[in-house]
Amino acid sequence: MSAKRLYIKTFGCQMNVHDSERISGLLRNEGYRLTEKPEEADMIIVNTCNIREKSEQKGYSDLGRFAMLKRDKPDLILGMAGCVAQKDGEKVLKRYKGLDLVFGSSNIENVPQMIRTITLKAQPVVMVEEPPGPPKTTPADRKDRVRGWVSIMEGCDRHCAFCVVPTTRGRERSRPSAEIVQEVTHLAEAGYKEITLLGQTVNSYGKNLDEGLDFADLLRMLDAVDGIERIRFMSPHPCDMTLKLIEMMAELPKVCEYLHLPLQSGSDAVLARMGRGYTLSEYRQMTTRLGQWIPGLAFSTDIIIGFPGETEDDFQKTLDAVAEFEYDNVYYFNYSRRPNTPADRFEDQVPEEVKEARFERLSTLEKSLARQKNQVLIGTVQEVLVEGRSKRDRAKFTGRTRSNKLVHFESADDEIGQLLNIRIASAGSTCLEGIRIPSRSQ
Ligand code: 5AD
């Protein structure tokens, strides 16, 4: 019998991207193989995100589009996964009659069993309750052969006023360290060179485990795994950046010189209303220490524009902070009202046109900063991990520096997965071009 075809559409963060890899890993065991074409699929899963209203709408509109395919193909299994599924549960079934399956991210391990129920009983299945205990280890059908995502914890115990994550991903639950070490060891054996540890507040790892270890200890354990050359993680919360963690980052050779540290706003008044738990000056102290202890550390951040009550003066403080911290990359979003979050009930919502105008100003600043930061690297030699052929120019290859900068260069297929020395020849705001130089051993 030929393999059944699975199409997955993924919205949102790396956690969702990796969840999709886990869904397809489990379904591979059930005889499904991934396809890029929804029209030839036997099963379609939309893995949704509801961090902002737009992402939620996109998920729903795709689901509507895929539901139409069922008219010609009644046996097509149509499912919704991820944070919108978690939030809306049974309600989604009422909205889309053709839907067979609705499940949250903590129910992924049950996907094979849900599919069997659908096939046997010919009735839809909804599973959005968080099971007790730590997240389960499941196989993942990974797209990349060099860099692997490893989810180390789920959920978030912080309650930032803007954020839906505590309601969609539940309370913090860390995976046992032995399972994480085992997964990373298997990745190394399969030829993976780089891992990115994932979690909503990745550096609060371990708080709810009885193992008596924290994120810094986990980094030390993973640094010892043979074959892995680079370790990254995202996203840490500034309040969990302990001195011990900063020391560990400085000490461990495989932990890369790159940190995504969400600031959200440069105004103390806004940070307090957001419930972030730090002031600008505390954040500054931390980044100063990080910069001193880890030479060449590159920073990126998240900024929310137009949080309720944000004045012109508050926003100017954000622009000043972005310029002061000289981020290598800034990810910025207009504040989006999310039902059942504290900030949705705040009265002084910022008009959309004000958010748009501020967005443009931050965009201009970010682009010029990124270009400047990249241009400083011209003439330097960077260690680059070869990832594969460039999507833009198939004759070229791409890879990243330890500081997470994307580089285009000439290489060969058999060098994928190797670390090369590349001299940076030119730089734009989003990527670098470089020329390979012989390493000392060559
Ligand atoms: N509106 C806009 N941006 C948001 N983020 C989280 N919630 C919202 C919201 N309601 C942003 C934050 C977070 C990133 C993943 O998404 O900046 O760090």
Side-chain angles (χ1 to χ4, degrees), residues 10-19 47-59 82-84 86-87 105 149 151 153-170 172 196-204 232-241 259-267 270-271 273-278 280 283 299-310 314-315 317-319 321-322 325 327 329-346 348-352 354-356 358-359 362-363 366:
T10 309
F11 292 94
C13 61
Q14 276 78 12
M15 202 84 166
N16 259 21
V17 174
H18 182 53
D19 280 351
N47 192 4
T48 56
C49 164
N50 71 341
I51 195 96
R52 286 170 286 277
E53 193 184 356
K54 255 192 210 139
S55 52
E56 177 166 343
Q57 283 166 350
K58 278 193 218 151
C83 295
V84 182
Q86 181 74 46
K87 172 175 73 82
S105 39
W149 309 110
S151 165
M153 52 99 67
E154 267 278 336
C156 185
D157 283 354
R158 296 201 171 266
H159 289 277
C160 301
F162 49 80
C163 192
V164 286
V165 166
T167 50
T168 56
R169 293 238 172 205
E172 262 180 48
T196 302
L197 307 176
L198 298 177
Q200 259 82 29
T201 49
V202 74
N203 53 340
S204 78
R232 303 183 189 279
F233 54 89
M234 69 186 307
S235 285
H237 191 287
C239 292
D240 292 310
M241 285 307 299
L259 189 67
H260 180 71
L261 198 59
L263 173 66
Q264 311 297 2
S265 170
S267 151
V270 175
L271 287 172
R273 281 202 305 281
M274 286 177 166
R276 290 291 289 170
Y278 53 84
L280 181 68
Y283 184 98
F299 281 107
S300 60
T301 202
D302 287 342
I303 297 287
I304 295 183
I305 299 165
F307 183 77
E310 184 190 77
D314 290 323
F315 181 64
K317 289 190 169 122
T318 297
L319 292 179
V322 167
F325 296 131
Y327 291 111
N329 247 312
V330 182
Y331 301 90
Y332 43 101
F333 318 95
N334 284 349
Y335 169 70
S336 167
R337 294 178 79 158
R338 303 287 56 217
N340 304 318
T341 54
D344 188 37
R345 295 186 285 276
F346 293 177
D348 37 5
Q349 298 288 330
V350 175
E352 288 307 314
V354 174
K355 287 184 206 166
E356 288 304 330
R358 290 180 185 167
F359 187 95
L362 181 51
S363 164
E366 191 271 333

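Both ligands and their constituent atoms are indexed starting at 1 by order of listing.
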side-chain hydrogen bond (donor to acceptor under 3.5 Å, both in side chains) partners of D240, counting only residues at least two apart: R158, K207
No-hydrogen, no-angle side-chain donor-acceptor test under 3.5 Å, N329 and S300: no
Lys/Arg-Asp/Glu bridge criterion (N-O < 4.0 Å) met for E56, R338: yes
Non-neighbouring partners of F162 that pass ring pair (Phe, Tyr, Trp, His ring centres under 6.0 Å), sequence neighbours left out: none
Close residues, ligand 1: non-hydrogen atom nearer than 4.0 Å: I51, R52, F162, Q264, D302, I304, F333, N334, Y335, S336, R338
Check: T196/Q14 side-chain N/O donor and acceptor closer than 3.5 Å: no
Partner residues of N340 under the side chain to side chain contact (heavy atoms under 4.5 Å, CB included) criterion, sequence neighbours left out: none
